[in-house]
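Note on naming: letters A, B, ... go to the chains in the order of the sequence lines (proteins, then strands), and numbering restarts at 1 for each one.
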2 protein chains.
Amino acid sequence: MITCVKCKLSSSVLKAGFVRGRQRFLCKTCDYHFTEEKPAGQLTERRRSQTTIGDVAKAVGVASSTVSRALNGHTDISPVTRQAILDVARQMDYHPNLLAQSLKSRETHTLGVIIPDIERPFFATVVSGIQSVASEAGYRVMICQSKESYETEVSNVQALVASRVDGLLICHSRETENFDHVKPAACRGVPVVHFDRVSNEVDSAKVILDDWNGAFNVTEHLIQQGARRIAILAGPESLLISRNRLAGYQHALKRYNLPLRPEYEVHIEFRTEEAVAALDKWLALPEPPDAIFAINYTNAFDLLVALKKRGLRVPDDIAVVGFGDEFMASMIEPGLTTVNLHPYRIGQQAARLFLEQVRQKEDFQPRTFVITGELVIRGSSLKGKGELFSLSI
Amino acid sequence: MITCVKCKLSSSVLKAGFVRGRQRFLCKTCDYHFTEEKPAGQLTERRRSQTTIGDVAKAVGVASSTVSRALNGHTDISPVTRQAILDVARQMDYHPNLLAQSLKSRETHTLGVIIPDIERPFFATVVSGIQSVASEAGYRVMICQSKESYETEVSNVQALVASRVDGLLICHSRETENFDHVKPAACRGVPVVHFDRVSNEVDSAKVILDDWNGAFNVTEHLIQQGARRIAILAGPESLLISRNRLAGYQHALKRYNLPLRPEYEVHIEFRTEEAVAALDKWLALPEPPDAIFAINYTNAFDLLVALKKRGLRVPDDIAVVGFGDEFMASMIEPGLTTVNLHPYRIGQQAARLFLEQVRQKEDFQPRTFVITGELVIRGSSLKGKGELFSLSI
DNA sequence: AACGATTCCGGAAACGTTACCGATAGTTTT
DNA sequence: AAAACTATCGGTAACGTTTCCGGAATCGTT
């Protein structure tokens with residue numbers, strides 16, 4: 001027999017349909033609807049929850065707002081109460097719920113980082129640099145990989161923004177040509193810092209590396225080692241870094257009155273076969289190069305291997321220089337002369353620019369930070385024998 | 001003249017002290033306290049907030065619970081209302097607040113990963129594997145580096161647990177000997193998956209690699225190439241992987257009736273100088289080795305460089321094999337024979353074990369997954385000339 | 001008609017925290 | 001001793017969701 005939960009009468013109770021699998025009733029006298037008790041097969045499934053600020057408050061016998069004040073070092077609290085709360089909190093193993101705090105404060109203390117590929121040493125080191133600065137400042141880091149896909153990059157940005165990261169540090173994918181997804185409107189106010197592959201379409205803080213100067217320096221070094229016929233293994237012409245490095249190379253040649261030979265400039269997509277093919281083309285020339293500048297470190301290794309197979313000596317027959325990746329360059333013999341791009345510093349600087357932006361808020365003026373690479377000379381370019389080349393200007 | 005905010009009288013208003021820099025008043029007739037208006041120098045600082053579910057509800061003219069139902073594909077809603085809400089939501093650029101959702105649902109859809117160092121190719125690839133599976137399942141990944149420090153590792157665990165990650169994937173630091181911080185009590189119910197460097201103290205899911213078999217295979221390969229005097233450059237005896245790889249090496253020798261020579265077993269801390277010193281010690285022996293197994297890929301490269309400098313040919317004079325790091329091993333000439341540890345698979349498997357644990361909840365039985373390395377034969381061990389060695393058992 | 005079923009929607013209570021503001025009791029000033 | 005002040009503390013409303021559950025309208029069935 002069903003009784004109304006209000007008037008306790010059972011006489012005027014009518015059935016009133018089903019809702020979510022349970023019988024509903026209507027008491028005519030009370031004009032009140034209600035449903036039958038829950039099946040409650042298993043006993044109430046205790047909420048296996050953490051101790052909250054309320055639990056501590058109850059234990060101490062104060063209001064939760066007081067506990068909050070005690071925990072956050074607020075002023076409006078007496079030393080004795082504070083200490084009592086702190087003791088109980090520790091004893092109850094209380095830990096604040098960062099989610100609730102973030103919901104309230106609108107800050108997650110989390111940084112989103114988007115890179116093409118974490119497996120590339122350059123980016124791994126950048127991430128490491130970012131993390132060193134970020135964790136110092138109390139920020140956690142969430143990492144996404146675009147895998148050089150524009151679509152993935154966009155969805156990464158959206159996911160990070162949806163997670164309410166406090167900032168977005170991004171290096172665009174190779175595919176990316178549209179930058180709407182990192183504009184303020186799309187990011188809903190989340191500060192964005194670009195590094196390495198940047199976009200001038202967006203008015204954001206940027207950290208870039210000085211490709212032009214790096215390429216100039218490494219080319220100049222080859223010239224000073226006695227090289228006169230310097231070839232360059234450049235990347236896709238669409239890539240900004242490729243254009244800049246080529247320009248630096250060309251400028252060095254001009255500076256030292258060496259001719260720019262079109263047959264010495266080859267653009268590839270960084271594939272090994274392409275690098276080897278370019279080398280063979282060069283070797284077949286009436287005047288083969290006596291030095292090669294590979295703007296990508298992988299291709300530099302490709303060249304070293306191919307040269308060895310063809311019985312040519314490095315650097316005596318042909319010197320080789322690369323760009324980036326310190327570790328691997330130092331591990332082989334002869335060591336590969338490269339430009340250290342300081343990826344760790346790039347990461348650190350990007351994170352610092354973010355922190356600056358957070359602290360200055362609207363006053364922040366986006367600025368671009370240039371990291372200059374450092375020429376690291378190793379065996380692959382040290383001709384040694386070479387007559388010293390004197391500046392002829 | 002101050003008037004009471006309730007009775008509008010100014011006669012019975014008394015001053016009543018200062019609070020947080022503002023004058024307080026007390027109306028005697030109302031017995032009501034109040035403070036003077038806020039300085040309000042700047043106009044109310046509009047809360048630069050996102051559109052919420054409430055905003056959409058207001059715009060459509062329904063309750064926020066209805067909007068929630070529409071957005072989440074709930075049943076209790078009419079198609080027309082749902083569509084109207086969806087349209088307005090899109091138009092108002094509504095995005096759900098994941099923080100609020102997480103607070104409610106107690107799920108963050110975030111995975112915490114702790115590794116010693118992201119710059120090491122092995123770990124970078126593991127992370128990549130983790131991410132591939134995680135993002136497929138809708139999880140974001142938060143990465144921390146312990147930098148081989150126990151303290152940092154502990155604080156990383158605490159930070160991730162405090163962020164309410166749904167799971168913790170960890171590879172312990174080299175220093176770690178106490179594992180209390182990854183026990184269920186310390187992690188407050190967050191599922192933990194170990195990979196690579198695991199602890200048997202904790203009853204958790206694990207992914208380990210079969211060091212023993214890998215070492216056995218690579219040693220067997222050397223024997224089959226005709227090597228008879230095989231030295232091993234092992235790591236610290238305290239390290240589990242070092243002991244396992246040594247055991248696999250020893251077993252292979254025994255299996256093929258080769259003597260275990262103590263002078264051929266050297267333990268180092270993976271430093272380059274140590275590797276070179278070990279090599280020189282071996283070369284000075286009356287019977288120097290004809291093959292060396294370096295259990296760490298870095299040391300394998302050290303050996304290659306040192307051998308080259310000493311005018312010895314690889315593999316003809318001495319064969320060299322390493323362990324791990326596919327990329328670099330394949331880049332050099334001769335290529336380095338190694339065991340591919342499949343770090344990507346390790347990461348994938350760790351993430352899968354986590355997902356399994358989440359889905360099965362209490363029913364989950366922790367289990368250990370063993371990833372077997374794959375022998376990748378390259379030039380550094382292919383003696384070629386060697387008479388074929390026939391199994392003599 | 002009277003009862004029952006179905007459908008759809010609103011209100012309110014969580015989730016855990018912090019900020020605001022009013023309310024006391026006790027202390028000092030006039 | 002009234003008036004003014006200080007030091008503490010409690011209550012409540014947010015933050016943005018989701019989940020209950022009751023209310024009301026509509027439709028079908030005896």
task: Decide if the gap between the ring center of B:His181 and the ring center of B:Tyr150 is smaller than 6.0 angstrom.
output: yes
task: Please state how far atom CD in B:Glu107 lies from atom C1' in D:dT17, giving the value in whole angstrom units.
output: 14 Å
message: For B:Gln50 and B:His95, which I'm curious about, is there any donor-acceptor pair between the side chains at under 3.5 Å?
response: no
query: How many Å lie between NZ on B:Lys58 and P on C:dC9, as a whole number?
result: 20 Å
field: Options C:dT17, C:dT24, D:dT17, nucleotide nearest the side-chain atoms of B:Thr52
entry: D:dT17
- prompt: Below 4.0 angstrom from OP1 or OP2 of C:dT18, is there any side-chain N or O of A:Gln101?
  reply: yes
task: With heavy atoms under 4.0 Å as the rule, sort A:Asp76 into base, sugar-phosphate or nothing.
output: base
task: Select base, sugar-phosphate, or nothing to describe what B:His95 touches, counting heavy atoms under 4.0 Å on all strands.
output: sugar-phosphate
task: May I ask you to evaluate whether A:Thr66 reaches the phosphate of D:dC9, defined as a side-chain N or O under 4.0 Å from OP1 or OP2?
output: no
message: Between B:Val62 and A:Leu98, which residue's closest nucleotide on DNA chain C lies nearer the 5′ terminus?
response: B:Val62
- prompt: Are A:Asp166 and A:Phe354 side-chain neighbours, meaning at least one heavy-atom pair lies under 4.5 Å?
  reply: yes
Nucleotide nearest B:Ala63 (side chain, heavy atoms from C-beta), chosen from C:dC8, D:dT18, C:dG10: C:dG10
query: Given D:dA4, is OP1 or OP2 found less than 4.0 Å from the side-chain N or O atoms of B:Gln23?
result: no
message: Any side-chain N or O of B:Arg82 below 4.0 angstrom from OP1/OP2 of C:dC8?
response: no
- prompt: What nucleic acid atoms does A:Phe25 come within less than 4.0 Å of, heavy atoms only: base, sugar-phosphate, or nothing?
  reply: nothing
- prompt: CG of A:Leu103 versus P of C:dA14: gap in Å, rounded?
  reply: 17 Å
field: Closest-nucleotide ordering on DNA chain C, the 5'-leading residue of B:Ala100 and B:Gly61
entry: B:Gly61
- prompt: Has B:Asn97 got a side-chain N or O lying under 4.0 Å from the OP1 or OP2 atom of D:dC15?
  reply: no
- request: Consider the side chain of A:Leu14, meaning its heavy atoms from C-beta on, and name the nucleotide among D:dG22, D:dC15, C:dG4 that approaches it most closely.
  value: C:dG4
Nearest-Å distance for atom pair CG/C1', residues B:Leu99 and C:dT18: 15 Å
- prompt: Using a cut-off of less than 4.0 Å, is there contact between a side-chain N or O of A:Tyr32 and OP1 or OP2 of D:dC21?
  reply: no
- request: Please work out which residues in residues 155-164 of chain B have a non-hydrogen atom less than 4.0 Å from an atom of DNA chain D and list them by number.
  value: none
message: In this structure, how many angstroms lie between the C1' atom of D:dG16 and the CG atom of B:Asn72, rounded?
response: 13 Å
query: Does B:Ser64 make a side-chain N or O approach to OP1 or OP2 of D:dT18 shorter than 4.0 Å?
result: no
query: Can you say whether the rings of B:Tyr139 and B:His109 are parallel (under 30°), tilted (30 to 60°) or perpendicular (over 60°)?
result: tilted
- request: State, without any angle test, whether B:Gln83 and B:Asp87 hold a side-chain donor-acceptor pair at a distance under 3.5 Å.
  value: yes
statement: Sorted by position of nearest nucleotide on DNA chain D, 5' first, the leading residue of B:Val67 and A:Thr75 is A:Thr75
task: Decide whether A:Asn97 and A:Gln101 meet the rule of one side-chain donor and one side-chain acceptor closer than 3.5 Å.
output: no
- prompt: For B:Asp55 and D:dC15, what is the distance between atoms CG and C1' respectively, to the nearest whole Å?
  reply: 13 Å
query: What's the closest nucleotide to the A:Arg22 side chain, out of D:dC21, C:dG16, C:dG10?
result: D:dC21
query: For the side chain of B:Thr81, counting heavy atoms from C-beta on, which of D:dT17, C:dC9, D:dC15 is nearest?
result: C:dC9
B:Arg164 side chain to B:Ser102 side chain, donor-acceptor N/O pair below 3.5 angstrom: no
Nucleotide nearest A:Ser65 (side chain, heavy atoms from C-beta), chosen from C:dA19, D:dG23, C:dC9: C:dA19
Atom-to-atom span, CG of A:Leu71 to P of C:dG16 - whole angstrom: 15 Å
- prompt: Of the nucleotides D:dT8, C:dC15, D:dA7, which one has an atom closest to the side chain of B:Arg24?
  reply: D:dA7
query: A:Ser173 and A:Thr176: side-chain donor and acceptor closer than 3.5 Å?
result: yes
- prompt: Any side-chain N or O of B:Thr35 under 4.0 Å from OP1/OP2 of C:dG22?
  reply: yes
Note, B:Val202 side chain near B:Val192 side chain (heavy atom, < 4.5 Å): no
- line: Assign each of B:Thr51 and B:Arg69 the nucleotide of DNA chain D bearing its closest heavy atom; nearer the 5' end lies the nucleotide of B:Thr51
task: Return the nearest nucleotide to the side chain of B:Phe18; candidates are C:dC9, D:dT18, D:dC5.
output: D:dC5
Side chain B:Lys104 and base D:dT17 donor-acceptor under 3.5 Å: no
message: I need the single residue from A:Asp55, A:Thr52, A:Ile53, A:Val56 that forms a side-chain contact (heavy atoms from CB on, under 4.5 Å) with A:Ser64. Which is it?
response: A:Ile53
